[in-house]
Structures are given as C-alpha cells and as structure tokens.
J.: 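Below is the structure I would like to discuss, written out as structure tokens.
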Amino acid sequence: MAVSGRQTGRPTLEEVAARAGVGRGTVSRVINGSPRVSDRAKEAVGQAIAELGYVPNRAARALAGARTDAIALVIPETESRLFAEPYFLDIIRGVSAELADADMQLLLTLIRSSKERQRFEQYLSAQRVDGVLLVSVHGDDPLPDLARELGVPAVLNGRRSAGERVAYVDSDNVGAGRSAVDHLTGRGCRRVATITGPLDMYVARCRLDGYRQGVEAAGLPADDRLVAAADFTEEGGRRAMRELLERCPDVDGVFAASDVMAAGARGVLREAGRRVPDDVALIGVDDSAVARLMDPPLTSVRQPIEEMGRRMARALLQEITGADAGPCRVVLPTELVVRDSA
C-alpha cells in the first residue's frame, strides 16, 4: 500500500537525500551535527526529515545532541600479525592514552576478509560510531572515502597517496629511507640493497624513494636488482633477502623498510655465513623492541609511533566536536638510531 505517493514503512536515508536534493553524506552530516554543512542544506534536510517522518533511534539521539561515544580503530590485518608487530601495539597504546580522559569507548576492529570488510561498511553506514581511525591503509582501500561520504569523521595513520583528502598523521618516510642509505654509504657500503614494503602502500613507496635519493646522492649507479619487494612481515624479509643474495652476492648494505623484515633478513644472512655488520650492514625502521633485542642490536630509523597514535586520536576528537580548523595533515620527523648492525 502507498501513502501520499510513498511506500509505507520506515523511510530511508536515501529518500531523505532525494527529497532534500542533496547527497546521502550531507544528510548524515546534518543528522550527526557536523559543522561542515551549509545552513541551506541543513534547512532542506530538516524539512525532508519532517515531511517523511524520518526519525530512527540513532537520528533521534544525534538530533538531541547525543553521540555513540565510541570510536573504531580499524586494522586490516590478522591477529597473528597484529600481535607479532610492535608497530600496531604502539599505535593502540598511543590512541588509548589519548582517549583515556575523553570518556570514549575504543572498538578495535580487525578486517581479515571481504566479508568482514562488508560487515564493517554496513556498521559504519548505520552510524554506530562517532569516528574512525584507520591503520595500515592500502592505496585502493575505499573505507576512508566511505567514511567521508557518510559524514563520519576519520583520521588515517599514514596516507594512500600524496594527494590524500582524508585527515592523516604520518611520519617522514622519504627521510627515513634517505637517512638509512646515507648512513650505509657513509660507512663505506657500495652495493646497498633495500627490502621494501608492499608497493601498493604509499609508506612503502616513500621509503623506496628515500632509498633511491640516498643511492643517487652517494654517486652510486641505480640497480633494480638491489630492490626486493616484501610485505612488512618477517617471512617476507627472509624471502626478499634470499632473492637479493641470489641476484647480487656482493651486496654489502641492506635497508629493510621495517625492523620485522630486517629480523627476517638477519636470519638469512646468518644462514648464508654473512656477518652483520662486517660483511653486510643492516638497517631497519621503527626502532622497536625487535631492533633492541636482535643480535647484533639493529640500527633503525625511529618514527614516533605512539605519538602518532596520540595525534590521530586528538585530531579525531577535535573533528567530532567541531573544534578542528580543517583536515589534520601532520607529518612527524624520524631519527636514525645507530646500534651495532651498521
């Protein structure tokens, strides 16, 4: 049965958007009290809501000025990788510390399959969280844009590209690669290789760019055989190091784009009878517990991981409350920490 030309039953967000002549995301922003909506759009959406009788529970709470008081921290990785890599734990520690006094519930969400991704997208569309923090984002990840379209505040750990439109907190990854290679060439290495992260991630491409800048600055020839792609895992580091030794047995320096991959590389070098740092100097990134516990202790580029988590949470809270002056775009400095491996 139809009433006034409309199907009976609860009206949808899409119907409100169509009646108001705006996008679905604009309706979500009005409902969630976002300050980034024009007065004209607010009036049109308000009128459409009144005409259609669109007042679901979530909208009623939002229009009354309440929130869910929940923030989702999304990590698209498995539990084994989450607990194996200190990076993620440091991010969680920083986020938790910043939210401790904000009376916000932190929801840790691991996305390990397309089904789980679809489920979270539905969860996000239902406006069940006030904001989203996304870690380990790949270049083709649609979640940041979906959050943006729905008017849900979001902050990324890192960027998907140089032109990232969503708020982010990043570190100087080009500088990380450059400082590592400068150190290796400065100590006399002439055949410097790199083990990259997955190249669909901007962070990995930036560290590779820094490596290439360092090689060029040292007057060394560019050689693609000295570049091996991996995936930020220990096993990935092992596979990449084997490839490098097969292609270039005379390699004398390695920049691994994470401490965990450097640990994998270290194991392969030991199996091959190559001494670190006498035969091959080795540098990682993160300055994690992995670096400090390796034998020999690993020279590593420190990025302020826990501080990144704090800054992400702080930026998200400011956006949720409307206190932000615009999208957060922060790049924090890195620092080379010299130990015995290089």
Side-chain angles (χ1 to χ4, degrees), residues 87 90 136 139 156-164 168-232 236-237 240-241 244 248 251-266 276-277 280-288 290-291 294 297-305 307-308 311 329-342:
Y87 182 91
D90 285 345
S136 191
L156 309 183
N157 173 225
R159 290 169 277 178
R160 294 170 295 173
S161 71
E164 181 61 71
Y168 62 81
V169 176
D170 205 350
S171 63
D172 180 10
N173 292 298
V174 174
R178 175 65 188 269
S179 64
V181 176
D182 285 349
H183 182 76
L184 290 169
T185 57
R187 73 188 305 275
C189 297
R190 299 335 260 170
R191 294 286 283 167
V192 179
T194 186
I195 298 173
T196 78
L199 295 177
D200 66 335
M201 297 182 73
Y202 187 63
V203 56
R205 298 198 301 274
C206 285
R207 290 176 188 173
L208 177 58
D209 286 346
Y211 160 82
R212 286 174 170 155
Q213 288 180 15
V215 168
E216 182 180 3
L220 300 176
D223 187 345
D224 287 342
R225 294 177 303 163
L226 290 168
V227 178
D231 56 2
F232 288 135
M241 192 67 245
L244 290 170
C248 308
V251 61
D252 59 2
V254 176
F255 164 55
S258 77
D259 290 347
V260 173
M261 292 195 299
R266 174 68 185 91
V276 175
V280 181
L282 180 63
I283 296 180
V285 178
D286 286 338
D287 187 34
S288 64
V290 171
M294 275 179 60
L298 180 69
T299 293
S300 182
V301 183
R302 175 186 296 156
Q303 54 176 340
I305 304 172
E307 177 62 18
M308 284 196 287
R311 296 285 286 271
R329 293 185 173 90
V330 174
V331 178
L332 299 176
T334 56
E335 174 190 3
L336 184 70
V337 179
V338 179
R339 297 192 179 91
D340 294 342
S341 72

J.: Does Arg187 have any side chain to side chain donor-acceptor pair (under 3.5 Å) partners at least two apart in sequence or in another chain, and if so, which?
T.: none
J.: Only counting residues at least two apart or in another chain, list the ones meeting side-chain contact (heavy atoms from CB on, under 4.5 Å) with Ala291.
T.: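 With neighbours one apart ignored, the set is Asp259, Leu298, Ser300, Arg339.
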J.: Hey, is the main chain of Arg212 close enough, under 3.5 Å, to the side chain of Glu216 for a donor-acceptor pair?
T.: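 Checked: no pair found.
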J.: Check the pair Tyr87, Val260 against side-chain contact (heavy atoms from CB on, under 4.5 Å), reporting the backbone distance first and the verdict last.
T.: CA-CA 10 Å; Tyr87 182 91; Val260 173; over 6 Å; no
J.: Report the distance from atom CE of Met201 to atom CZ of Arg160, rounding to the nearest 0.5 Å.
T.: 12.0 Å
J.: Could you pull out the closest heavy-atom pair between Ala180 and Phe255, with the gap in Å?
T.: CB-CD1, 3.4 Å
J.: Can you confirm whether Thr196 sits close enough to Phe232 that some side-chain heavy atom of one is under 4.5 Å from a side-chain heavy atom of the other?
T.: no
J.: Could you pull out all residues at least two apart from Glu307 that satisfy side chain to side chain donor-acceptor pair (under 3.5 Å)?
T.: none
J.: Using side-chain contact (heavy atoms from CB on, under 4.5 Å), reason through Leu208 and Val227 one step at a time and then give a plain yes or no.
T.: CA-CA 9 Å; Leu208 177 58; Val227 178; 4.0 Å; yes
J.: Evaluate side-chain contact (heavy atoms from CB on, under 4.5 Å) for Val192 paired with Tyr211, printing each intermediate quantity in order.
T.: CA-CA 9 Å; Val192 179; Tyr211 160 82; 4.0 Å; yes
J.: Among all residues two or more places apart in sequence or in another chain, which pass the salt bridge (Lys or Arg N to Asp or Glu O under 4.0 Å) test with Asp252?
T.: none
J.: List the atom of Ala342, the atom of Thr299, and the distance in Å for their closest heavy-atom pair.
T.: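 Nearest pair, atom of Ala342 first, then Thr299: O-OG1, 3.2 Å.
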J.: Quick one about Gln303 and Asp286 (side-chain donor to acceptor, distance below 3.5 Å, no hydrogens or angles considered), yes or no?
T.: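 Checked: Asp286/Gln303 side chains pair up, N/O donor to acceptor below 3.5 Å.
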J.: Locate the shortest heavy-atom distance separating Ala230 from Gly237; write the atom from each residue and the value.
T.: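 Scanning both residues, the minimum pair turns out to be CB-N, 4.3 Å.
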J.: Looking only at heavy atoms, which two atoms of Gly284 and Ala262 are closest? And how far apart?
T.: CA-CB, 4.2 Å
J.: Given side chains that start at C-beta, do those of Asp170 and Leu332 come closer than 4.5 Å, heavy atoms only?
T.: no
J.: With no hydrogens and no angle check, is any side-chain donor or acceptor of Ser161 less than 3.5 Å from a backbone partner on Gly163?
T.: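 Here the side-chain-to-backbone pair exists.
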J.: In chain order, what residues pass the side chain to side chain donor-acceptor pair (under 3.5 Å) check against Arg191, with sequence neighbours excluded?
T.: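 Result, side chain to side chain donor-acceptor pair (under 3.5 Å) vs Arg191: Asp223, Asp250.
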J.: Output the distance between atom CD1 (Ile305) and atom CG (Asp287), rounded to the nearest 0.5 Å.
T.: 8.5 Å
J.: Output all residues satisfying salt bridge (Lys or Arg N to Asp or Glu O under 4.0 Å) with Arg207, sequence neighbours left out; order by chain, then residue number.
T.: none
J.: Check whether Thr334 reaches the backbone of Val301 with its side chain - one donor and one acceptor, N or O, closer than 3.5 Å.
T.: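 No; judged by distance alone, with no hydrogens or angles, the pair does not exist.
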J.: Under 3.5 Å, is there a donor-acceptor pair between the side chain of Ser341 and the main chain of Leu282?
T.: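 The answer is yes, because a donor-acceptor pair under 3.5 Å joins these two groups.
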J.: About how many Å separate CG of Asp90 and CE of Met308, when rounded to the nearest 0.5 Å?
T.: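 If we round to the nearest 0.5 Å, Met308:CE and Asp90:CG are 9.0 Å apart.
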J.: Starting at CG of Asp182, measure out to CG of Leu336 and round the result to the nearest 0.5 Å.
T.: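 If we round to the nearest 0.5 Å, Asp182:CG and Leu336:CG are 9.5 Å apart.
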J.: Give me the atom names and distance for the closest heavy-atom approach of Arg159 to Tyr202.
T.: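 Result for this residue pair: O-CB, 3.1 Å.
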J.: What's the spacing between Cys206 SG and Asp172 CG if we round to 0.5 Å?
T.: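 Here the interatomic distance stands at 8.5 Å.
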J.: Indicate yes or no: at least one non-hydrogen side-chain atom of Cys248 is less than 4.5 angstrom from one of Leu226.
T.: yes
J.: Is Asp209 salt-bridged to Arg205, cutoff N-O under 4.0 Å?
T.: no
J.: Of all the heavy-atom pairs spanning Leu184 and Ala281, show the shortest one and how long it is.
T.: CD2-CB, 3.6 Å
